[in-house]
Structures are given as structure tokens and as C-alpha cells.
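Before any comments, here is the structure.
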Number of protein chains: 2
Amino acid sequence: MEPIILEIFGDIAFTKNELQSISDALKKIELKKGEFLLTEGAEVNSTHYIHDGCLQTYYIDYSGKEHTLQFAIKGWWISDYIALYGKEKSKSVSFIECIKDATLFKISKKDYDNLCNEIPKINRFYIHKLESAFAAFQKRILENLTLSAKERYINFINTYPDIERNVKNYHIASFLGITTESLSRIRKEIATQ
Amino acid sequence: MEPIILEIFGDIAFTKNELQSISDALKKIELKKGEFLLTEGAEVNSTHYIHDGCLQTYYIDYSGKEHTLQFAIKGWWISDYIALYGKEKSKSVSFIECIKDATLFKISKKDYDNLCNEIPKINRFYIHKLESAFAAFQKRILENLTLSAKERYINFINTYPDIERNVKNYHIASFLGITTESLSRIRKEIATQ
DNA sequence: TCATTTTCTTATCATACATCAATTTTTCTA
DNA sequence: TAGAAAAATTGATGTATGATAAGAAAATGA
């Protein structure tokens, strides 16, 4: 278990006891492509570290369209954060689907909170992760406000080349907030210039 | 100073020593409408609690258009979080302008970190704030992906009636990602139905 | 309170992106 | 590796919102 813990928490030096507590809190999950980590309406009380594979958090609107909030690959964390951290607690508004066979490590919010209280190194790690994620999502809002679909696409493939390799174009379209047809036209435009 | 500290930290019970540490970290700032708390390119190393008034974080794009990331009124915190928490640290990408005479309390990130390390109650408070803010901004991304301009406007005035009272319609338009003319049409449509 | 500035509205026209409907290309699987 | 399914592309057309320009209404401040 130790190498995984070091991978998850960025090579923090832990004591034997700390390693044990962390190990107790983590649960390994294996998912096949097409399986769900979470479905709409389910209770949300945990977050998940991706060791391998690719997952997608998406919302389905009244007309059946998918809207992607997040992709996650090796090194990322995934959950329904609107439910996990929001006011109307605990019921998921989204689906989290495995889109490439994956191995993850699940930790409940409660266990994570306890680890933060017991182990200051974990507390700092968690705050740092939260802060970075917050900045990244603020940036995304700003980009959605300021950039055209074409600019957002170019931005996406430059910023997340590893994700591009793992997802379909229609996934990217739903992340960018455009249709798959529009993305196709944008791609053609980029290719022929 | 004590009543302000209780206001800022949601009535947490602090010891005399704790109150002193917190008090030392907070700096009162008064701003008149039109003054800036932050301008693009400035160093960012603090966040600010709004005791009174209203402020706006916005980005100006290449064509001179304003794009609003955040409003803040009494009880909210404001900063350039992309700079404060992001990877390309410390230089502001945004402006923070006072749009209604305001009183705020500034705390540096460093002092806040120290308070978190010294006072577990503050640490928990900070994490909780971060988590809630993260959820709120995720929700905003989802709404931008799924809702029409009209729906986003209705949503905004229902969710933030206190902010609506403090800002101009062109501010709201720049928050929603539409032009002031479009917002005007939407308002007319809503009024005549 | 009046004059000036700021904000909001209205109209016309332009455009980015959506929708619908095929068709082609790629990927999967038996 | 053939056949089926999934994904991507293309074309024609529609629509929400943008751009520009002008005027009306509201807010400000001397």
C-alpha cells in the first residue's frame, strides 16, 4: 500500500502509524469502461483518486444532453463536488462514468476530515489541492466568458493533451459547451489553415 | 475588534490569545466607489472580507470588454483567486473595483496560513469556506453549460437578490456573459409575459 | 433643481453556433 | 477480418445573441 500512498499524497514522508491510518481510509476500486462510479440521485460522501484510466463527471439536462464538468486521469481526484461540498448536501446531480478502464482509490469525506485533523501534513496537502482546484475552475469560468469555441478548444488540447488522448471528441465538445458538429467544423478549420 | 472577528468567523468562540493573533492579522480598509482594491499586474497575496459595501472582480479582454468573475457584498470574501491560488502565482490577472462604498478587512495568505496552523477552529473554517466556494463555482460552470441567457439571468436574481440591489445591469450582463443590450431584451421579455 | 453624465432601451443587421438529416470514417467485436 | 456499431463529418437551414447606432430614462452632483 505504501507506494500508492506516496503516489496519492505527493511523496509526503509519513510515519508507520500515519501510513496505517491512511491505508485504512483508502479503498481500491476497479472500473471497466462504461461502468459508473456515481449516478444521479445517489448519496455522495467520498472523493476518489485516479491511479489509472479515465473518468468523466457529467450532468444530463432536461433534453437529454450531456454537459461535462470534469475529466480525470492519473493523478487527479474526482467526485460530484456540487453535492459533496454544496449546501443541498449529499444527493448527486451528476453521473461519473468510467470512459477508460480505471483503478481508483476511494476515501470518504469523513475519513479525509479525520486524517486532516490527525495529520497536519495531510491537512496542508488537502488545502493546497482545494486551492489549486478552485483556481483552475475560476480560470475555466473566465475562459468560458472570454473565449470563442475555437479558442477554448485550442486551449483545451494545449492544456490537457493527456486527457485529449483518452476521450472522444464528443466528450470534449460537451466539456467546451458546444455540439459535436460544431467541434467537427472547428477541427476542420484548424486543420486547413 | 472582537465583534468584527465574530462577524468574520461566524461566531466561533476564541480565547483572548486567539483573538489577539487574529486581530493582528486583520487590516481594515475603506474604499470609495470607483476605487480599486487590486489592478491587473499587481502582486496578490491577500484575501478580503467585506463588512459593508460591494466589490467586483473583473477581467478586461483584448478588446476592452469587462468580464465579471465575482461580486462580493457583506459576508463574502474577495480576491483574485486565479493569482492567489493558481500556478502562475501572484500577479493579478483581474481588477477588483469598489462599486459601492465599502469597508473590508484584509488578511494576507501567509497570516491566514499561520492562523490555520495555530488555531484548528480557523483551519476548519477556512476549509469549509473553500469547499463551499468551490461547489458554488462548479455550479456556475454547470449553469453556463446548460442554461440560456434568460434562464441564467432569472437564476441570478433569484439566487443573489442582495447583489442585484447593489450592482448595475451592465455588471450583471458581464457576469452572465452577455451584452447589456441582450440583457435589456431579456428583461423586456420577462416583464411582458 | 437643473444640467450633465451614466445607464438602459430599442431597432437593424451580422454572426457564431445549434439543429436536423445524411453520409463517411473509425472502432469494436464476433 | 467482416460486419455492425459508434463516432465524426458534411450540408442546409434556423436562432440566440452580438455589433452598431441612436435615443430615452435614470442617476448624479453642482
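Below, chains carry the letters A, B, ... as their sequence lines are ordered, and counting in each starts from 1.
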message: Does dC8(C) have OP1 or OP2 under 4.0 Å away from a side-chain N or O of Ser184(B)?
response: no
task: Figure out the OH/P separation between Tyr170(B) and dT6(C), and round it to whole Å.
output: 9 Å
query: Which nucleotide sits closest to the side chain of Thr180(A): dT9(D), dC17(C), dT9(C)?
result: dT9(D)
- prompt: Of all the nucleotides listed (dT28(D), dT9(D), dC17(C)), which has the minimum atom distance to the side chain of Ile178(A)?
  reply: dC17(C)
task: May I have the distance from Leu183(A) (atom CG) to dT10(D) (atom P), rounded to whole angstrom?
output: 12 Å
task: Report the distance from atom CZ of Arg187(B) to atom C1' of dA26(D), rounded to the nearest whole Å.
output: 12 Å
query: Can you tell which of dC20(C), dT7(C), dA11(C) lies closest to the side chain of Lys188(B)?
result: dA11(C)
query: To the nearest angstrom, how far is Glu181(A) atom CD from dT13(D) atom P?
result: 17 Å
query: With a cut-off of 6.0 Å (strictly less than), are more than 12 heavy atoms of other residues, nucleotides or ligands near NZ of Lys74(A)?
result: yes
Presence of Asn169(B) side-chain N/O under 4.0 Å of dT7(C) phosphate oxygens OP1/OP2: no
Sequence-distant partners of Thr47(B), side chain to side chain donor-acceptor pair (under 3.5 Å), two or more places apart: Tyr81(B)
statement: In whole angstroms, the gap separating P of dT17(D) from CG of Asn144(A) amounts to 15 Å
Short side-chain N/O contact from Thr179(B) to OP1 or OP2 of dG18(D), under 4.0 Å: yes
- request: Could you identify which residues of residues 147-168 of chain B place a heavy atom less than 4.0 Å from some atom of DNA chain D, listed by residue number, or say none?
  value: Ser148(B), Ala149(B)
message: What I want to find out is whether Asp162(B) reaches Arg165(B) closely enough, with some N-O distance under 4.0 Å, to be called a salt bridge.
response: yes
query: Is a side-chain donor-acceptor pair under 3.5 Å present for Tyr126(A) with Glu131(B)?
result: yes
Throw together a table of side-chain donor-acceptor distances under 3.5 angstrom for residues 26-34 of chain A, partners on residues two or more places apart or in other chains.
none

Check ion pair Glu40(A)-Lys91(A) (N to O, under 4.0 angstrom): no
query: Would Ile141(B) and Tyr85(B) show up in the same hydrophobic cluster when neighbours are defined by side-chain heavy atoms closer than 4.5 Å?
result: yes
query: Can you tell me how far C1' of dA5(D) sits from NZ of Lys33(A), to the nearest Å?
result: 12 Å
- prompt: Starting at CD1 of Ile186(B) and ending at C1' of dT9(C), how long is that distance when rounded to a whole Å?
  reply: 14 Å
message: Distance check needed: dA6(D) C1' versus Glu66(A) CD, whole Å only.
response: 14 Å
